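Working notes for the structure below.
So that the names make sense, note that chain A is the first sequence line, chain B the second, and so on, each numbered from 1. The model shown is predicted, which means the values in this text are computed figures rather than measured ones. Computation of the quantities below employed the complete heavy-atom set of this structure, encompassing side-chain atoms and omitting hydrogens, waters and symmetry-equivalent molecules.
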Number of protein chains: 2
Amino acid sequence: MSNSKLYRGSLNTIILKLLSQHDKMYGYEITQKVKALTKGELNITEGALYPALHKLEAEGLLDVEVVKVDNRMRKYYKLTQSGTKETVNKMEALADYINTMQALLNPKLA
Amino acid sequence: MSNSKLYRGSLNTIILKLLSQHDKMYGYEITQKVKALTKGELNITEGALYPALHKLEAEGLLDVEVVKVDNRMRKYYKLTQSGTKETVNKMEALADYINTMQALLNPKLA
DNA sequence: TTATATGCATAAGAAAATTATGTATATTTG
DNA sequence: CAAATATACATAATTTTCTTATGCATATAA
């Protein structure tokens with residue numbers, strides 16, 4: 001994913017937010033989009049991504065639609081209603097995380 | 001630690017930065033300082049903290065000094081030279097993380 | 001005197017990632 | 001044309017990091 005361990009725990013947030021911006025995406029597309037947006041800094045590995053997508057689906061946050069394109073399979077994921085709600089929660093949690101880390105590491109500003 | 005999974009991977013960064021600000025600290029002190037600075041949002045559990053401290057020591061980033069105060073043991077930790085270097089790296093990694101997450105989640109600003 | 005606070009430690013288990021494979025088709029390159 | 005790369009999914013074994021539970025010991029507050 002990255003040489004920095006800070007990204008551990010961020011994958012679901014990233015997936016959900018991307019899907020809130022793009023209506024539907026498939027796994028490989030997500031890896032490429034993340035790589036492009038982060039200029040190569042973040043590379044989502046398949047071993048992390050696919051289990052995460054399956055779990056989000058099992059939790060009812062994502063819906064799947066299987067499509068065949070150029071004779072190759074694609075599984076398009078999109079947010080469910082509760083997936084949309086959870087995305088809002090995750091974004092709030094991220095804002096809180098950043099604030100908290102700043103309070104912790106720059107106590108002068110507190 | 002927190003209800004949010006985003007903190008996974010942040011513990012070493014927090015420990016090192018606190019030690020860069022306080023010269024020396026002992027484990028229990030770290031848990032209380034973090035709780036105070038984050039107004040209760042972040043509670044470092046002992047099961048996470050002590051193994052982390054031991055590992056940082058084994059890696060040569062921390063030195064230990066055992067002291068008895070009021071008949072109770074305290075293990076004071078302080079940064080070694082390479083611990084100080086690693087703290088700089090961790091802080092850069094945190095700044096990168098925040099920038100990258102913002103690029104990822106607010107692509108309009110990119 | 002009993003609960004809470006201080007102070008350390010470790011073990012069992014869960015969660016989330018890495019690394020390594022595996023399968024299959026399409027396209028680019030030498 | 002053959003070989004490498006890109007596209008596209010998946011899972012298993014292992015590692016890392018955390019939670020939860022437990023244990024020991026002393027001091028202080030209720």
Report task. Would you mind reading off the distance between B:Ile44 atom CD1 and D:dT20 atom C1', rounded to a whole angstrom? Result -> 16 Å
Requested in this report: Treat each ILVMFWY residue as a node, draw an edge where side-chain heavy atoms are under 4.5 Å apart, and state whether A:Val88 and A:Leu79 are in one component.
Outcome: no
Report task. Find the distance B:Asn3:CG to D:dT19:C1' and express it as a whole number of Å. Result -> 14 Å
Report task. Looking only at non-hydrogen atoms, find the nearest pair between B:Ala52 and B:Leu11 and report the distance. Result -> CB-CD2, 3.9 Å
Requested in this report: Indicate for each nucleotide in nucleotides 1-16 of chain D, in 5' to 3' sequence, whether protein heavy atoms under 4.0 Å reach the base (B), only the sugar-phosphate (S), or nothing (-).
Outcome: -----SBSBBB-----
Report task. Output yes when at least one side-chain N/O atom of A:Asn71 is less than 4.0 Å from OP1 or OP2 of C:dA24, else no. Result -> no
Query raised in the report: Which heavy atom in A:Val34 sits nearest to a heavy atom in A:Leu42, and how many Å separate them?
Result: CG1-O, 3.6 Å
Report summary line: Residue pair A:Leu11/A:Asp70 against DNA chain C: nearer the 5' end by closest nucleotide is A:Leu11
Query raised in the report: Once you round it to whole Å, what is the distance between C1' of C:dT19 and CG of A:Asn43?
Result: 15 Å
Query raised in the report: Are B:Tyr26 and B:Met73 grouped together when hydrophobic residues (ILVMFWY) are joined by side-chain heavy atoms under 4.5 angstrom apart?
Result: no
Query raised in the report: Will you find, in the side chains of B:Tyr77 and B:Glu29, an N or O donor that is under 3.5 Å from an N or O acceptor?
Result: no
Query raised in the report: Counting N and O atoms only, with roles assigned by atom type, does the side chain of B:Asn43 sit under 3.5 Å from a partner on the main chain of B:Gly40, one being a donor and the other an acceptor?
Result: yes
Report task. Take atom CG of B:Leu6 and atom C1' of C:dA17, then tell me their distance rounded to the nearest Å. Result -> 15 Å
Report task. Return the value, rounded to whole Å, for the distance between atom CD1 of B:Ile14 and atom C1' of D:dT17. Result -> 13 Å
Requested in this report: Using atom CE of A:Met1 as one end and atom P of C:dT19 as the other, report the distance to the nearest whole Å.
Outcome: 13 Å
Query raised in the report: Which whole-number value in Å describes the distance from B:Tyr97 OH to C:dA17 C1'?
Result: 14 Å
